[in-house]
Amino acid sequence: MRSGSRYRKRLVLFHPHTGRRIMASYDIAAIEVKWQDRWEAAAVSRVTEGSGKPKFYNLQMYPYPSGELHMGHLRNYTYTDLLSRYKTMRGYNVLTPMGWDSFGLPAENAAIKTGVHPRDFTESRIVKMKEQLRRLGNVYDWDREVACHRPDYYRWTQWLFTRFFNEGLAYKKDAPVNWCPQDQTVLANEQVINGECERCGCEVVKRNLSQWFFKITDYAQRLLDDLDMLDKWPDRVRTMQRNWIGRSEGAQFSMDIVERPEVSIEVYTTRPDTTFGMTFVVLAPEHPLVAELTVGTEYEGPVAAFVAEVSKVSEVDRLAGGNDKQGMFLGVHATNPVNGTRMPVYIADYVLMGYGTGAIMAVPGQDQRDWDFATKYGIDIIRTVEPPADFDGEAYTGDGIAINSDFLNGMEMAEAKATIIDWFETQGKGARTVQFRLRDWLISRQRYWGCPIPIVHCGSCGAVAVPDDQLPVLLPEVDNYKPEGRSPLAAVDSFVNTTCPSCGGAATRETDTMDTFVDSSWYFLRYTDARNENEAFSRVNADYWMGIDQYIGGVEHAILHLLYARFFTKVLHDMGHVSVEEPFDALFTQGMIVKDGAKMSKSKGNVVSPDPYYERYGADAIRLYELFIGPATDDAVWNDNGVEGTSRFLDRIWRMGTGDIGTLTERAATDADAEIVKVVHRAVKKVTNDIDRFAFNTAVAALMECSNALASWMRSDEGGNQATFDEVFPMVLLVLAPMAPHMTHELWERLGNQTLLATHQWPEWDEALVAVASVTLVIQVNGKVRDRIEVPIEISEAEATEAALASPRVQAILDGAQPRKVIARPPKIVNVVI
RNA sequence: GCGGACGUAGCCGAAUUUGGUAUAGGCGCCAGACUUAGGAUCUGGUGUGCGAAAGCACAUGUGGGUUCGAGUCCCACCGUCCGCACCA
């Protein structure tokens, strides 16, 4: 890219001979600052709940305050501001707040490196980020700013935690959890991607630790069911959530152990119809019965060794084994409840303790995993579903007729399932059950820069919630931020040692902090009442603004944040704090900006800073290119020349508005004048419809086309009509304003308007002008375009046919012959078939 | 492996509603104008092949199909991306 401001350069350039200023120009920097000040002074985005207008809650996912915005980030911010300004002009009471997801590891890691307090680090970056958002021209209701690291916010995060705790929705338990050795903290399942830490990418290991969980599984069914209501969400995101929740229906039943009559094994299966085909039983290596069944036997030693071996292997490697399944016989047998068959009991690495009962009935005939294991260890295989005649696979998992299954024989899968479950239930041996893949949300973290968990551990009272009047539990100052397997808070004696709020005895504080996804699970509610000192938010305000009419963010949160926030909203609904059950009525997931084949990121070194573009082209041109770069849903490749293009377009609008293009005269309107009015009305309609469907790239294209037409009209020999220009040019400015607010505001003012453009109403188009009187009728012969004629739009089928056949081109091809068939679809097309 | 999305000029992309003018708009490129100069601005051109032109033929990943007509619908394949991945 070239350096130096084009606009500044133009300001000093004049034609050397004529003295005429040869370049339309304006001091873009001065105009930007001027209007940013005006918007602030006019408080265009400060809203109250008491407006008579319909409300519109416009929200983007609040960002981590990194301090450095790059072109990839700006796309998102441009969309939000565009929508904010557009909806305001459309007459809505628009809430567009902004805040900071300001707890988290970057600030803490910086503190470890440089010693600067995470709070100071974070606050300074917030200041920088706000400057950058202002520079882009974005307007927010800053009176509602929230930052989750500030005590006036996390006080209420803690308050919410204690509500969850009191309801039994927050609990502490010992469990094998995901431990990230790099970040020295535990992670939620949702934060482990293919066995790796979502943040740092290093391999996660399992550790048995006592951790805090939120009981999101209590809400699994509702979280699943209500996805159906979210019809303004991308299907993709809903599907991902459905899969993550992972509901399955089946049966649970127990089996007696032949050698140990006092012991029975519970199994869960989604294929109870295949129970007659069960030839062995498998326990997960971590299953509690493993030790019990082998203690004192010859199997005890080898099995213990095997279990130790398996637990050493990371989950990734364990799953990476694919078809090579490792297992071991336990020396005992189980009885198949449906036919009394005696079957060996194994442990195997392919059965997971965390799902179902941690034990399975193995049916190799109908399950490929069981097939693999059975063939490896020489176990019987019985088919109980008749495979299709042409089936040449191993296990057959599809639907079919039950065979070798006694009273199920001849039934199809669904009927067989229902029948056997009824049988289990009447025999009292088992029951119909539902399983979810979703696990409870692990929220404790062994890190400093997060919200302290407001719990006191008392020797006699157990875990006690910190009472409301003692909130917030402030983050203590620490000497060392470095995590060493436990929270840095644990090293602060004055923090740890306290008294029990319940009995007054000596007690210790919980030293873990919360996952930052807890903070972000309710911030949108705080925005509705951000300065409330007595409550997290008032129900009146929350009910006025919720649900969020448009939520914009990255698809990377499809499961994490979006699932947690839905969970929180449902809990708060159930507690009576808010009426809605779903927070986000409409969700839009925008694509990323890609450069050199990767998402822009500091670590990849492919970040494009907006600074030089601000210098040379200004905020409006950047915004416009962010909109124009491609479909909003798709990833887009950054093109250094793109801003040049949108800048040229803006420049043309500017020169048109300041009389530097063509001529305008006072005269009676001509056909060309009438036509340009139509062109503008059509553009207004298209821009409006395109914004409504998030097709910003085509909205910009429509305006470019419109401005090209305007310029040609003004440059034509007869020039443009002043009255016509005065009628249509402001319309163009108005619809361009949400995209390029600075320049349009300036021109709007220079055209003599007293009112602020930002609060002016959106222009209406006249359908009569949008409608076309005549169209091009395409005449095809055998599907190939052979002629085009102008016809009135209301042309009849007969007239169109006649006109087509009268075409000299068609006549020439027909050469006197009769067409076999004529298909007329007036006024668009006639196809003559010969 | 399973599921989903996508594949259009040199590049990014358009073709909304119901199958009906494929390639809008931008970038880039070529030529010209104004110029001491142009990296500004303006004018014209720009899918491929044949042709002086009119025009003709061929082009939406590949191959089939449905249809008067397919970028759009159906089938198979190739490629790219995303999600899930021993969840019983």
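Computed from a prediction, not measured in an experiment: that's the story for all the values here. Below, read A as the first sequence line, B as the second, and so on, with proteins coming before strands; counting in each chain starts at 1.
- Taking atom P in both B:U60 and B:A70, the straight-line distance is 11 Å, to the nearest Å.
- Taking atom C1' in both B:U16 and B:G65, the straight-line distance is 28 Å, to the nearest Å.
- Counting non-hydrogen atoms under 4.0 angstrom, A:Val637 reaches nothing in the nucleic acid.
- Comparing B:G71 with B:G63, their P atoms are spaced 14 Å from each other, to the whole Å.
- Close to B:G4, at under 4.0 Å from its OP1 or OP2, lies no side-chain N or O of A:Arg238.
- A distance-only check finds a donor-acceptor pair linking the side chain of A:Asn336 to the backbone of A:Thr275 [under 3.5 Å].
- Where A:Ile813 and A:Arg439 each meet RNA chain B at their nearest nucleotide, the meeting point lying more 5' is that of A:Ile813.
- Between A:Tyr268 and B:A88 there is no side-chain N or O to OP1 or OP2 distance below 4.0 Å.
- Two rings, from A:Tyr613 and A:Trp638, have their centers less than 6.0 Å apart.
- At a threshold of 4.0 angstrom between heavy atoms, the contacts of A:Thr239 with the nucleic acid are absent.
- By the ring pair (Phe, Tyr, Trp, His ring centres under 6.0 Å) test, A:Tyr355 pairs with no residue at all, sequence neighbours left out.
- Residue contacts for A:Arg715: at a heavy-atom cut-off of 4.0 Å it reaches the sugar-phosphate backbone alone, with no base atom in range.
- Residue-level contact check: A:Gly246 touches neither bases nor backbone, having no heavy atom under 4.0 Å from any strand.
- Separating the P atom of B:G25 from that of B:G32 is a span of 24 Å, rounded to the nearest Å.
- Residues passing the side-chain contact (heavy atoms from CB on, under 4.5 Å) test with A:Val434, sequence neighbours excluded: A:Arg247, A:Glu249, A:Phe436.
- Distance CE (A:Met240) to P (B:C82): 12 Å, rounded to an integer number of Å.
- The side chain of A:Tyr350 approaches B:C86 more closely than any other nucleotide in the set B:A88, B:C86, B:A40.
- Between A:Lys784 and B:C58 there is a side-chain N or O to OP1 or OP2 distance below 4.0 Å.
- A straight line from CG of A:Asp640 to P of B:C12 spans 15 Å, rounded to a whole angstrom.
- Among the atoms of the strands shown, none is found under 4.0 Å from any heavy atom of A:Arg242.
- Distance noted for atom C1' between B:C81 and B:C29: 30 Å (whole Å).
- Distance noted for atom P between B:C78 and B:A22: 32 Å (whole Å).
- Atom CG in A:Leu736 sits roughly 18 Å away from atom P in B:G25 (whole-Å rounding).
- A:Phe696 places its CZ atom 17 Å from the P atom of B:G13, with the value rounded to the nearest Å.
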5' to 3', nucleotides 14-21 of chain B under a 4.0 Å protein heavy-atom cut-off (B base, S sugar-phosphate only, - none) gives SSS---BB

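- Among the protein residues, A:Arg247 comes within range of no part of the nucleic acid, since none of its heavy atoms lies under 4.0 Å from any strand.
- Secondary-structure annotation of RNA chain B gives the stems B:1-7 with B:78-84, B:10-12 with B:25-27, B:28-33 with B:41-46, B:47-50 with B:55-58, B:61-65 with B:73-77, with a stem taken as at least 3 successive Watson-Crick or G-U pairs whose two distances both fall under 3.5 Å.
- Taking 4.0 angstrom as the limit, A:Arg648 places a side-chain polar atom (N or O) nearer than this to OP1 or OP2 of B:C27.
- Side chains of A:Glu190 and A:Trp441: no donor on one and acceptor on the other come within 3.5 Å.
- The main-chain N or O of A:Ser807 is never found under 3.5 Å from a side-chain atom of A:Asp787 such that the two would form a donor-acceptor pair.
- Partners of A:Asp692 by side-chain contact (heavy atoms from CB on, under 4.5 Å), not counting sequence neighbours, listed by chain and number: A:Tyr86, A:Lys87, A:Arg90, A:Thr688.
- Taking atom C1' on both B:U8 and B:U48, the two are 15 Å apart, rounded to the nearest angstrom.
- Contact between the side-chain N/O atoms of A:Asn641 and the OP1/OP2 oxygens of B:C12 is not found at any separation under 4.0 Å.
- With hydrogens and angles disregarded, a donor-acceptor distance shorter than 3.5 Å links the side chain of A:Asp440 to the backbone of A:Ile216.
- In this structure, A:Arg236 reaches the sugar-phosphate backbone alone: every heavy-atom distance under 4.0 Å involves primed, P, OP1 or OP2 atoms, never a base.
- Ring centroids of A:Tyr617 and A:Tyr625 are separated by 6.0 Å or more, keeping the two rings apart.
- Between A:Arg786 atom CZ and B:G55 atom C1' there is a gap of 10 Å when expressed in whole angstrom units.
- By the side-chain contact (heavy atoms from CB on, under 4.5 Å) test, A:Met240 pairs with A:Arg236, A:Ala558, A:Ile559, sequence neighbours left out.
- For A:Phe696 and A:Phe628, the gap between ring centers reaches or exceeds 6.0 Å.
- If you take atom P in B:U18 and the same atom in B:A24, they sit 25 Å apart, rounded to whole Å.
- When heavy atoms are screened at a 4.0 angstrom cut-off, A:Leu777 is found touching no nucleic acid atom at all.
- The CD atom of A:Glu286 sits 13 Å away from the C1' atom of B:C86 (whole-angstrom rounding).
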Between A:Gln252 and A:Thr357, is the side-chain hydrogen bond (donor to acceptor under 3.5 Å, both in side chains) condition met? List the steps.
CA-CA 9 Å; A:Gln252 196 167 316; A:Thr357 60; 5.9 Å; no

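- Atom pair A:Met704:CE and B:G13:P shows a separation of 15 Å (rounding to whole Å applied).
- The separation between A:Phe628 atom CZ and B:C11 atom C1' is 13 Å, rounded to whole Å.
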